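Written below as structure tokens is the structure these notes are about.
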2 protein chains.
Amino acid sequence: MVQGMILRERYSRETGREYVLRILKENIVRLELEPGGRISENELASEIGVSRTPIREALIELSKSKIVEIYPQKGSYVSLIDWDLVEEAQFMRLTLEKAVIRLACEGMEEEKLKGLEKNVKLQQFYVENGETDELLEMDNQFHKELFEITNKVHIYKLMSGMILHFDRLRTLRTKTVDNQYVVDDHMAILDAIRMKDPDKGEYAMDRHLTRHVIDEEIVRSKFPQYFKSKKS
Amino acid sequence: MVQGMILRERYSRETGREYVLRILKENIVRLELEPGGRISENELASEIGVSRTPIREALIELSKSKIVEIYPQKGSYVSLIDWDLVEEAQFMRLTLEKAVIRLACEGMEEEKLKGLEKNVKLQQFYVENGETDELLEMDNQFHKELFEITNKVHIYKLMSGMILHFDRLRTLRTKTVDNQYVVDDHMAILDAIRMKDPDKGEYAMDRHLTRHVIDEEIVRSKFPQYFKSKKS
DNA sequence: ATCATCAAACTAGTATACAAGTTCACAGGT
DNA sequence: ACCTGTGAACTTGTATACTAGTTTGATGAT
């Protein structure tokens with residue numbers, strides 16, 4: 001039995017596969033399904049209340065982004081946090097987000113900025129009230145919107161599988177770090193777009209996205225059982 | 001009945017899903033399954049000789065990279081060539097490959113270049129003998145190896161779904177264009193790595209990957225039925 | 001006590017039956 | 001002739017039965 005597993009209501013137009021995916025992602029990111037932990041298709045099926053088919057389809061998708069691992073005839077597991085993989089994901093995200101912010105800084109209608117500005121204001125609110133989960137969601141939303149207004153939604157979707165790896169790490173460090181910098185970073189990024197300054201934008205994005213790397217070592221020593229042993 | 005569909009032998013350790021994926025990708029890229037054409041899970045199942053389950057799993061995966069489209073309870077289709085999507089894929093690929101070639105140029109053991117050099121020699125051979133399909137495969141292989149030696153395999157895999165969109169286009173133009181430039185481009189890229197010159201590498205990669213864009217308009221007018229109508 | 005063997009209880013992969021929704025053509029009334 | 005409704009033949013989504021391979025643990029021989 002999966003103890004702390006978070007279950008949500010199923011949306012009306014949601015297929016079983018989509019529903020299961022949503023549930024699994026949330027529980028993996030929030031570490032209710034522990035890194036390295038075993039997953040049983042049958043168990044999940046009865047737990048979530050659907051058959052094995054949508055469970056399988058969701059697991060296959062998650063295995064594509066290496067967030068779960070499927071060993072045929074043996075079992076499926078939530079992937080341990082793989083440092084090399086996180087670095088590769090970081091490289092991918094950094095590269096793409098810097099390219100996208102440059103695009104955004106090269107010219108953007110005022111109107112498209114409205115959403116971003118509203119988002120940042122909400123972030124400030126959540127930080128002041130210590131609502132960390134909501135802040136995390138707005139953070140992701142901010143970046144997603146950047147891809148949307150530059151017409152790069154598909155790229156974002158492909159990347160978002162990788163982002164799960166980050167979100168897991170962020171869950172681990174929520175209690176220990178000050179989140180004000182998230183808002184400040186996003187403000188700097190917004191400024192760069194307003195000033196149409198790609199270099200400033202790229203710099204601000206780089207600083208924002210590489211901030212995490214700093215405290216990984218601390219988290220690693222705090223939760224060694226969640227990590228794959230480092231480097232080859 | 002799917003008329004010209006190419007069937008291959010199933011590898012011994014290959015799961016049904018992997019097998020079907022391999023078959024479908026090849027037939028989509030080679031346009032045996034026409035852009036816009038309808039796909040029936042049942043039809044494919046009897047054609048390929050497996051049940052609907054592995055077919056479905058393969059189709060779901062392909063729909064993630066937008067190379068097929070699934071409309072629940074209605075039907076599945078091979079996606080029309082979507083110009084916007086191809087541009088987005090182009091942006092993604094260009095961005096990532098330039099970042100990777102810079103990495104490669106910043107330092108690489110001699111030994112890791114062996115594979116690339118061998119690859120280019122084979123390319124030259126295939127060009128001289130007009131073996132276009134084999135050249136295409138070596139071209140992809142060349143880029144894949146670049147990601148491998150820089151430790152970015154997962155990124156390549158994520159990208160490779162997008163690359164299918166390119167490969168389809170390349171199939172359309174094979175009869176009309178001279179392929180010698182492919183080899184020349186790759187030689188220039190190799191040179192840049194040897195000289196440890198990231199700027200030259202990025203330049204060469206950019207030129208190589210943007211060469212296609214030039215003749216798209218011609219292909220588009222030649223096979224209008226394969227394309228989605230342009231821009232919004 | 002220790003090791004080998006074998007069976008039972010798992011695993012994921014696949015096939016198939018069924019459910020639910022869509023399309024389309026044909027029949028029948030106007 | 002034309003519109004309308006109805007049902008059969010599709011579609012994909014889901015549940016379930018079955019296959020084949022792996023693990024595990026108990027049993028029995030040494």
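On a predicted model such as this, the values are computed, not experimentally measured, just so you know. Convention: sequence-line order gives letters A, B, ...; per-chain numbering from 1.
- As a whole-Å value, the separation of A:E43 CD from C:dT11 P is 8 Å.
- Aromatic pair B:H165/A:H154: ring centres not closer than 6.0 Å.
- Scanning for side-chain contact (heavy atoms from CB on, under 4.5 Å) contacts around B:V29 gives B:L164, B:D167, B:T171, with sequence neighbours left out.
- Remark: B:N119 engages B:Q123 in a side chain to side chain donor-acceptor pair (under 3.5 Å) (not counting sequence neighbours).
- Listed by chain and residue number, B:F125, B:Y126, B:N129, B:E134 satisfy the side-chain contact (heavy atoms from CB on, under 4.5 Å) test with B:E131 (two or more places apart in sequence, or in another chain).
- Figure legend: cation-pi geometry between B:R220 and B:Y226 absent, as NZ or CZ is not positioned both under 6.0 Å from the six-membered ring centre and within 45° of its axis.
- Under the ring pair (Phe, Tyr, Trp, His ring centres under 6.0 Å) criterion, A:Y19 pairs with no residue at all, not counting sequence neighbours.
- Residue A:I70 contributes atom CD1, which lies 12 Å from atom P of C:dT14 at whole-angstrom precision.
- For B:L7, the side-chain contact (heavy atoms from CB on, under 4.5 Å) criterion is met by B:M5, B:I23, B:I48, not counting sequence neighbours.
- Rounded to whole Å, the distance from CD on B:E41 to C1' on C:dT14 is 14 Å.
- Nucleotides of DNA chain D lying under 4.0 Å from heavy atoms of chain B occupy a range whose first and last members, 5' to 3', are D:dT11 to D:dT14.
- B:E148 pairs by the salt bridge (Lys or Arg N to Asp or Glu O under 4.0 Å) definition with nothing, not counting sequence neighbours.
- Near DNA chain D, defined here as any heavy-atom distance below 4.0 Å, there are no residues from residues 7-29 of chain B.
- Atom C1' of nucleotide C:dT16 and atom CZ of A:R56 are separated by 15 Å, given to the nearest angstrom.
- Residue A:S76 places at least one side-chain N or O closer than 4.0 Å to OP1 or OP2 of C:dA12.
- Of the residues near DNA chain C, A:T53 and A:Y71, the one whose nearest nucleotide (by heavy atom distance) lies more toward the 5' end is A:Y71.
- Counting only residues at least two apart or in different chains, salt bridge (Lys or Arg N to Asp or Glu O under 4.0 Å) contacts with residues 51-61 of chain B comprise A:R56-B:E57, A:E57-B:R56, A:K64-B:E61, B:R17-B:E57, B:E41-B:R52, B:E41-B:R56.
- Taking atom CD1 of residue A:I39 and atom C1' of nucleotide C:dA12, one finds them 13 Å apart after rounding to whole Å.
- One atom, CZ of B:R52, and another, P of C:dG13, lie 18 Å apart when rounded to the nearest Å.
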Sort me out a list of protein N/O and nucleotides 22-24 of chain C N/O pairs below 3.5 Å, or just none if empty.
unit_1	atom_1	unit_2	atom_2	d
C:dT22	O4'	B:Q73	O	3.4

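- For B:R30, the side-chain contact (heavy atoms from CB on, under 4.5 Å) test picks out B:I6, B:R8, B:E26, B:E32, B:D133, with sequence neighbours left out.
- Judged as a side chain to side chain donor-acceptor pair (under 3.5 Å), and not counting sequence neighbours, A:Q73 has no contacts.
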